[in-house]
Structures are given as C-alpha cells and as structure tokens.
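Worksheet: the structure to be examined is printed underneath.
Numbers restart at 1 for each chain; the letters A, B, ... are given by sequence-line order, proteins then strands. Given the structure is predicted, the values throughout are model-derived calculations rather than measurements.
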Amino acid sequence: MIRKTKAVMNRVTEVCKRLDEQYGSDMRTYLDHRNAFELLIATILSAQCTDKRVNMVTPDLFAKYPTVHDFATADIKELEKAIHSIGFYHAKAKNIIGCAQKLESDFGGEVPRTIEELTSLPGVGRKTANVIRGNIYEDPSIVVDTHVKRISKRLGFTNSDDPVVVEHDLMKILPKENWIRYNIQIIYLGRTICKAPNAKCSECFMSDICPSCKIK
DNA sequence: AACTCGGGGCA
DNA sequence: TGCCCAGAGTT
C-alpha cells in the first residue's frame, strides 16, 4: 500500500493538472455506445483487443441486435460471425448471450449498478464492472488495466502488481470527483507515450516530475 | 499464480 | 515473423 506523503500528494496534484491541460477535462470511454447495455457489450468485446476494432463492429452489431432480448435469443454461430474480427470470438459470443439472458432473468433487462451484481454476469470482471460504474452511473470508480498499473508504478502512485491494491492506492490519492477522467487520460498516455518496453520519455509532458524518467 | 482463449495490426 | 491489444475464467 502506498503512503500519502507530502511529496506524493504534490506530484498527484501536478500530474492531474497536466493531464487535463494535455488531454482536456471531458475524456470518458473510447467505446461507441448509446446506452448502458451497449457499453456493457462493447466493453466485454474490448478485452485483449483495441477499442478501434471494437468500434468497427459495434454499429452493425447493434443494428442486427437492437435489444437485450435480441442478444439473449441470438444464435451463437451467427453472433460469432458478427464479431469474428475481434478475437476470442467464441468465448465472447457465449458470454454475451449468457449475459443478456441473466440481465433478463435476474435484473429485469436493466444493467445493474454494483460491482457484485455486475461481476456476477458472464464475461464481466472487475475492470468491465468499473467501466460501467464510472461511465454510466458516474459512481466513483477506478479501472485498472495494464496501462494504469504500469504508469501508476512509474509515477510512484503504487508499488503493487495486484490490480485491487493498485485500485485502492489510486482511490486514496486521486481527487475523487474526477477518477474516471484521470483514468482514461492515464490509459491514453500509456498507449501513446508511456509504453511498456519503450517509453518515449523525450516526448513526455511529465518527464521533469516523473521518478522513472530515463532522460534527466 | 499460472495458463489459456485468438484474430488482426503493425514493426 | 513476432509482439501486442481498456481481460476473464478455470485450474
């Protein structure tokens, strides 16, 4: 667990300020959707797959299956065909159908709100649940993926590899009202500059305050 | 905690 | 070719 030292909190303040300056203060999810259910499906599809490719298939997908009931009664082979280019298509098709069926049977066709309810759905883990909570219900939530984990360590915001510990560390130090915004900004930073093997520190707007910066 | 699932994009 | 991608489920 990280300790809220003065040095860490000063860095948090500066990092948040620069993220907003760089990326704007209205960042949310990358995934195209018109309602909670569509975001849930898109997020399930996005596991181990870039958002760009998810957004390529979702318009046709949601046109073919407009409602929860359409997914709940879908033919799995046909659904697999519709999402084939995503990867993991068999498991994801199965999960999406099971998910839609459980929404109908247990939740009145609505997307539930709590972590426990969301993660009880097939194909929905902690990350997906937090995407829904943060983007749809605007409940304070932190999404921990490989980008968030890596950058949080590099910035000295956590020293753990356990996603749940990282989540709690970030909850302790980030300004609560903007968790999901900083979350998506950090992910974007990770995709473009602060990469896993080859971090482009020379292009980074936080190089001067980053403890892991390789160019001083 | 390790392992498996997998197609497409990009270097 | 080889590596990577807003993970989740099973063992």
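- Put simply, chain A comes within 4.0 Å of DNA chain B, heavy atom to any atom, from B/dC5 to B/dG8, going 5' to 3'.
- Applying the side chain to side chain donor-acceptor pair (under 3.5 Å) test to pairs two or more places apart or on separate chains, those with a residue in residues 98-112 of chain A are A/His69-A/Glu104.
- For the P atoms, the distance linking C/dA8 with B/dG8 amounts to 22 Å, nearest Å.
- Among residue pairs with one or both ends in residues 117-126 of chain A, those qualifying as side chain to side chain donor-acceptor pair (under 3.5 Å) are A/Thr114-A/Glu117, A/Arg126-A/Glu167; sequence neighbours excluded.
- Toward the 5′ end of DNA chain C lies the nearest nucleotide of A/Val131, the other residue of the pair A/Pro122 and A/Val131 mapping further downstream.
- For the pair A/Arg150 CZ and C/dG7 C1', the interatomic distance rounds to 15 Å; values are reported in whole Å.
- Atom-to-atom, CD1 of A/Ile41 to P of C/dA6 comes out at 19 Å; the value is rounded to the nearest Å.
- Taking the charged nitrogens against the carboxylate oxygens, A/Arg18 and A/Asp208 do have a contact shorter than 4.0 Å, which makes a salt bridge.
- Between A/Lys195 atom NZ and C/dA6 atom P the separation is 12 Å, expressed in whole Å.
- Residue A/Gln48 places at least one side-chain N or O under 4.0 Å from the OP1 or OP2 atom of C/dG7.
- Residue-to-nucleotide contacts include a donor-acceptor pair under 3.5 Å from the side chain of A/Arg53 to the base of C/dC5.
- DNA chain B is contacted by A/His84, A/Ser85, A/Gly87, A/Phe88, A/Tyr89 of residues 72-92 of chain A, taking any non-hydrogen atom closer than 4.0 Å.
- Taking the salt bridge (charged side-chain N to carboxylate O under 4.0 Å, His left out) definition, one finds that A/Asp139 meets it with A/Arg113, sequence neighbours left out.
- Distance CD1 (A/Ile115) to P (C/dA8): 11 Å, rounded to an integer number of Å.
- In this structure, A/Lys127 has no salt bridge (charged side-chain N to carboxylate O under 4.0 Å, His left out) partners at least two apart in sequence or on a different chain.
- For the pair A/Ile180 CD1 and C/dA6 P, the interatomic distance rounds to 15 Å; values are reported in whole Å.
- Side-chain atoms of A/Thr29 and base atoms of C/dA6 include a donor and an acceptor less than 3.5 Å apart.
- Computed from coordinates, the A/Asp51 CG to C/dC4 P distance equals 18 Å when rounded to whole Å.
- Spacing between atom CG of A/Leu189 and atom P of C/dA6 amounts to 14 Å, rounded to whole angstrom units.
- In this structure, A/Ile44 places its CD1 atom 9 Å from P of C/dA8, rounding to the nearest Å.
- Taking the charged nitrogens against the carboxylate oxygens, A/Asp161 and A/Lys153 do have a contact shorter than 4.0 Å, which makes a salt bridge.
- Inter-residue side-chain proximity for A/Ile83 and A/Lys92 is flagged as met; some heavy-atom pair is nearer than 4.5 Å.
- Positionally, the nearest nucleotide of DNA chain C for A/Ile187 lies more toward the 5' end than for the other of A/Thr119 and A/Ile187.
- A donor-acceptor pair shorter than 3.5 Å can be found between the side chains of A/Asp70 and A/Thr67.
- The same atom, P, is picked in C/dA6 and in B/dA11; the two are 15 Å apart, to the nearest Å.
- Residue A/Pro197 has its side chain nearest to C/dC4 when only C/dG7, C/dA6, C/dC4 are considered.
- Residues A/Val111 and A/Tyr137 are in side-chain contact: their nearest non-hydrogen atoms beyond the backbone lie under 4.5 Å apart.
- Position along DNA chain B of the nearest nucleotide to A/Lys52 versus A/Cys49 favours A/Cys49 as the more 5'-ward residue.
- Listed pair A/Ser46 / C/dC5 fails the phosphate criterion, with no side-chain N or O lying under 4.0 Å from OP1 or OP2.
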Candidate pair A/Asp20 and A/Arg181, rule salt bridge (charged side-chain N to carboxylate O under 4.0 Å, His left out), full reasoning: CA-CA 9 Å; A/Asp20 274 347; A/Arg181 177 211 304 176; 2.5 Å; yes
